[in-house]
Amino acid sequence: MSMSTPGPERVPSSVKVTKTSGQGKPPAGAPSGKKPGSKGPAGKGGGKGRKPVTPVKVAGSRNWGPIAVAGVVVLIAAGIIGYGVYAAVQGSRDWQDKVSEIAGVVNYREQNNAAINDTSHKQGALQYVTSPPVGGAHNSTPQNCTGDVYDAPIANEHAVHSLEHGAVWITYKQGLAADQVNVLKTKVEGKDYMFMSPYAGLDKNVSVQVWGFQLKTDDVNDPKIDEFIKDTRSVSALEPGVSCSGGNTTTGPVQGTGNGAVMNK
């Protein structure tokens, strides 16, 4: 059996597959790496990229209740503190400054009138520079001023001595209607260092006085009357702490006559 001589060894040919084949198209079935119609990544050398979508922030609804409550608390606290400061300042002010600021009040102390400043005790009828008087020489016996209401004029000489003790003297025009007199009574009855009486020839319906200060008004309900009393009662005394009891309780002019001689206090 004859053996044939082997020919040259055949090497199988290989086909190089590129990205394209045929007419430059990718082989059928080969993955393209991107979806049809999609654009390449943005950046240098690439196609136009899709603009990034800005996320939309959704703010949750704010609960205003606690904020409103906190605001109210702050306002109340500020008001309390402010009033405390105001009250402290007011409380530290001198009573004379307070009463001097009341509309219609006349401050005779600042006039430094010798006739009003005179605190000597004298007998008999005396002359005064104001009507009703707000100070000056006076009788040694004060008018009782423990909430006393007199239905007839009293002696100036006794009344002024009561002013020296810090009493508030309310006087009213003779013939004033009874209901208006009753309004004034409620300010006096049962209150120490207070007394009242009608006054002949008064130019206003009401005149309220302490030593050196006077307020006149036609209205018995004038709130300035109460303010005057609050600012002056007792603290206006030239002789602080002296009782308003045990004094004269009669009405009419000063009893007895004298030559105005100075008496020992």
Side-chain angles (χ1 to χ4, degrees), residues 83 86-87 89-113 116 128-136 138 142-238 240 244 247 251:
Y83 177 78
Y86 170 79
V89 172
Q90 287 294 98
S92 65
R93 296 175 64 221
D94 185 83
W95 70 269
Q96 295 187 54
D97 294 331
K98 295 178 184 178
V99 71
S100 294
E101 292 176 0
I102 300 175
V105 167
V106 180
N107 181 351
Y108 288 100
R109 293 197 185 196
E110 67 180 2
Q111 296 181 11
N112 201 26
N113 188 313
I116 294 176
Y128 294 96
V129 296
T130 66
S131 180
V134 295
H138 46 270
Q143 193 74 20
N144 215 63
C145 48
T146 55
D148 298 84
V149 174
Y150 301 97
D151 59 4
I154 59 178
N156 289 333
E157 294 80 3
H158 295 303
V160 172
H161 194 161
S162 299
L163 301 185
E164 188 178 33
H165 290 180
V168 179
W169 182 22
I170 295 181
T171 57
Y172 59 91
K173 184 180 292 186
Q174 284 185 301
L176 189 66
D179 60 332
Q180 296 187 57
V181 173
N182 288 334
V183 171
L184 299 176
K185 283 183 179 180
T186 63
K187 303 177 187 300
V188 174
E189 291 178 325
K191 299 178 178 66
D192 205 11
Y193 294 99
M194 293 288 299
F195 65 120
M196 66 177 281
S197 65
Y199 197 89
L202 195 60
D203 55 345
K204 292 283 187 179
N205 284 340
V206 184
S207 179
V208 189
Q209 42 276 319
V210 294
W211 190 286
F213 290 92
Q214 189 171 66
L215 170 68
K216 291 185 176 183
T217 178
D218 278 321
D219 183 7
V220 296
N221 293 300
D222 191 332
K224 293 192 293 293
I225 297 175
D226 293 330
E227 190 175 356
F228 184 96
I229 295 170
K230 176 176 66 69
D231 290 341
T232 61
R233 186 165 71 99
S234 182
V235 297
S236 59
L238 300 186
C244 236
T251 59

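As the structure is a computational prediction, the values presented were derived from the model and not from experiment.
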Fill in: Backbone N/O of Asp219 and side chain of Asn221: donor-acceptor pair under 3.5 Å
no
Regarding Lys204 and Asp218, does a basic nitrogen lie under 4.0 Å from an acidic carboxylate oxygen?
yes
Between Arg109 and Ser236, the two heavy atoms sitting closest are NH2-O, 2.9 Å
Check your understanding: Does a donor on one side chain sit under 3.5 Å from an acceptor on the other, for His138 and Glu164?
Key -> yes
Original post:
Step by step, would you call Tyr150 with Phe195 a side chain to side chain contact (heavy atoms under 4.5 Å, CB included)?
Top reply: CA-CA 8 Å; Tyr150 301 97; Phe195 65 120; 4.2 Å; yes
Given the options Phe228, Trp95, Tyr108, Phe213 meets ring pair (Phe, Tyr, Trp, His ring centres under 6.0 Å) only with Trp95
Value for CG (Leu163) from NE2 (His165), rounded to nearest 0.5 Å, stands at 10.0 Å
*Gln143 (side chain) donor-acceptor with Thr251 (main chain) under 3.5 angstrom*: no
Is the backbone N or O of Val210 less than 3.5 Å from a side-chain atom of Arg233, with the two atoms forming a donor-acceptor pair by type? no
Margin query: Classify the ring geometry of Tyr199 against Trp169: parallel below 30°, tilted from 30° to 60°, perpendicular beyond 60°.
Written below: perpendicular
So NZ of Lys187 and CG of Asp226: to nearest 0.5 Å the spacing works out to 3.5 Å
For atom CG of Asp203, decide whether the heavy atoms of other residues, nucleotides or ligands shown that lie under 6.0 angstrom number more than 12. yes
>> For the backbone of Asp97 and the side chain of Ser100, can you confirm whether one donor and one acceptor N or O come within less than 3.5 Å of each other?
In response: no
query: Within the distance-only criterion (no hydrogens, no angle test), does the side chain of Lys191 pair as donor or acceptor with the backbone N or O of Thr186 below 3.5 angstrom?
result: yes
Notebook entry, point to check: Taking the side chain from Thr130 and the backbone from Val134, do they hold a donor-acceptor pair closer than 3.5 Å?
Noted result: yes
Is a donor from one side chain sitting under 3.5 angstrom from an acceptor on the other, for Thr171 and Gln209? yes
_Worked check of side chain to side chain contact (heavy atoms under 4.5 Å, CB included) between Glu189 and Val149_ = CA-CA 7 Å; Glu189 291 178 325; Val149 174; 3.6 Å; yes
Nearest heavy-atom approach of Leu176 to Leu184 is CD2-CD1, 4.4 Å
Applying salt bridge (charged side-chain N to carboxylate O under 4.0 Å, His left out) to Asp222 and not counting sequence neighbours gives Lys224
